[in-house]
Amino acid sequence: MQTMKIGPFLLNMQIVLYLLFGIAALLAARLYLKKDPDRGVVFSSLENAFLIWILVWKGSVLVFDPLSVIRYPMSLLYFTAGEKGIWLAWAAAGAYMWARIARRKHSFQAAAPAMAAGLLAGWTTYSALQAWLQQEHLLPYVLQAALAGVLLLSLVGGRLPPNRRLLSLGLWLSLGQTAILFTVNVREPVLLSFSKEQLLLLLAAAVILIVRNKPDEDR
């Protein structure tokens, strides 16, 4: 857990980083939706999704380690369930957005590009701050910030239809992250020097490529 001491208080930097991720994401989404007629409804959904993410992430320790909370209730303020909690938070936020779209509160075409813009802006901010905080992992975080920033600019300035633009973003994100992972000091190669994460990213890239190259009428 990354911490910073401010006077008598011990600040959990991971919470600060995720809050800054969310603020950057919401600002980018708001700017992206500036001319969209459904911007109010879509942005409200994104705000709620971020709040759900934070609450589930912080409360995930209740799901995965309830005994520690019973013994020491203050642990809810200082601890989370780690990577499992992050995945649970993404699942909850994603399910909320899916439900909003399924109930036709707004369209996928309006929400998806705004979500992508927000996530890329948040990832750029998060990676840049991690590069500053973790000098020993400077290169991967700088590359991640650069990749997310370039993809954000391509999303905002792109002229492709929204669906094809999102598929292209997913493809380049998967390939770029696969390459960046080679710069990480600690990796566990599984096949041909690729780690499990890299193989999953390559699989995602292959699926996106197949879908993107399908004729529009087949989708």
Side-chain angles (χ1 to χ4, degrees), residues 1-2 12-22 24-25 28 49-50 52-54 56-58 60-61 63-65 79-95 97-98 112-113 115-155 165-213:
M1 180 177 69
Q2 294 171 294
N12 185 334
M13 288 304 296
Q14 202 63 42
I15 296 176
V16 175
L17 288 172
Y18 286 149
L19 286 175
L20 291 174
F21 177 107
F50 175 60
I52 288 168
W53 195 101
I54 288 292
V56 172
W57 173 63
K58 281 303 296 170
S60 61
V61 68
V63 177
F64 296 106
D65 192 11
F79 301 105
T80 67
E83 190 173 337
K84 291 183 292 186
I86 291 173
W87 282 110
L88 183 63
W90 281 120
M97 289 302 298
W98 182 263
M115 284 191 289
L119 290 172
L120 288 170
W123 193 26
T124 303
T125 303
Y126 177 86
S127 298
L129 289 171
Q130 283 285 32
W132 174 59
L133 291 170
Q134 298 196 56
Q135 295 292 314
E136 67 275 17
H137 303 301
L138 179 65
L139 181 58
Y141 281 123
V142 167
L143 292 174
Q144 283 182 350
L147 174 64
V150 168
L151 291 178
L152 176 60
L153 291 175
S154 72
L155 174 65
R165 210 183 312 168
L166 290 174
L167 288 171
S168 295
L169 281 176
L171 177 62
W172 287 111
L173 182 62
S174 300
L175 294 175
Q177 188 62 20
T178 300
I180 289 170
L181 285 173
F182 280 115
T183 67
V184 175
N185 294 330
V186 180
R187 285 191 318 115
E188 295 182 11
V190 174
L191 179 65
L192 299 175
S193 79
F194 289 93
S195 67
K196 180 176 66 177
E197 292 81 5
Q198 288 173 304
L199 291 173
L200 288 172
L201 287 166
L202 289 175
L203 177 61
V207 171
I208 292 169
L209 197 57
I210 292 168
V211 173
R212 194 183 70 164
N213 290 337

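Every value quoted in this text rests on a predicted model; they were computed, and no experiment measured them.
Here the straight-line distance linking atom CG of L192 with atom CD of Q198 works out to 11.0 Å at 0.5 Å rounding. From Q14, atom CD reaches atom OH of Y126 across 4.0 Å, with rounding to the nearest 0.5 Å. One finds the CG atom of L166 at 6.5 Å from the CG atom of L155 (value rounded to the nearest 0.5 Å). Q144 contributes atom CD, which lies 9.5 Å from atom CG of L173 (distance to the nearest 0.5 angstrom). The CH2 atom of W123 sits 13.0 Å away from the CD atom of Q130 when rounded to the nearest 0.5 Å. Atoms CZ and CG, on F182 and L139 in that order, are 13.5 Å from each other to the nearest 0.5 Å.
In this structure, L129 and V16 have side chains that are not in contact, with every pair of non-hydrogen atoms separated by 4.5 Å or more. Proximity of L19 to I54: side-chain heavy atoms (C-beta onward) are separated by under 4.5 Å at one or more points. Inter-residue side-chain proximity for V63 and K84 is flagged as unmet; no heavy-atom pair is nearer than 4.5 Å. Using a 4.5 Å cut-off on side-chain heavy atoms (C-beta onward), L143 and L147 make no contact. A heavy-atom distance below 4.5 Å is found between the side chains of F64 and L88.
Residue A25 comes nearest to L119 through the heavy atom pair CB-N, 4.4 Å, listed as atom of the first residue, atom of the second, then distance. The two atoms that bring A117 and A28 nearest to each other are O-CB, 3.8 Å, heavy atoms only. Scanning all heavy atoms of the two residues, the minimum distance from T183 to I180 falls at OG1-O, 2.6 Å. Across every non-hydrogen atom of S174 and I208, the tightest pair is OG-CD1, 4.3 Å. Closest non-hydrogen pair, A128 versus A145, comes out as N-CB, 3.9 Å. Nearest heavy atoms, T125 versus A24: OG1-CB, 3.2 Å.
Checked by atom type and distance alone, the side chain of T178 never pairs as donor or acceptor with a backbone atom of L201 at under 3.5 Å.
Taking the six-membered ring where the residue is Trp, W53 and Y18 present perpendicular rings, their angle passing 60° and hence far from 30°.
When the shell of 6.0 Å around CD of E188 is examined, it contains 12 or fewer heavy atoms from other residues, nucleotides or ligands.
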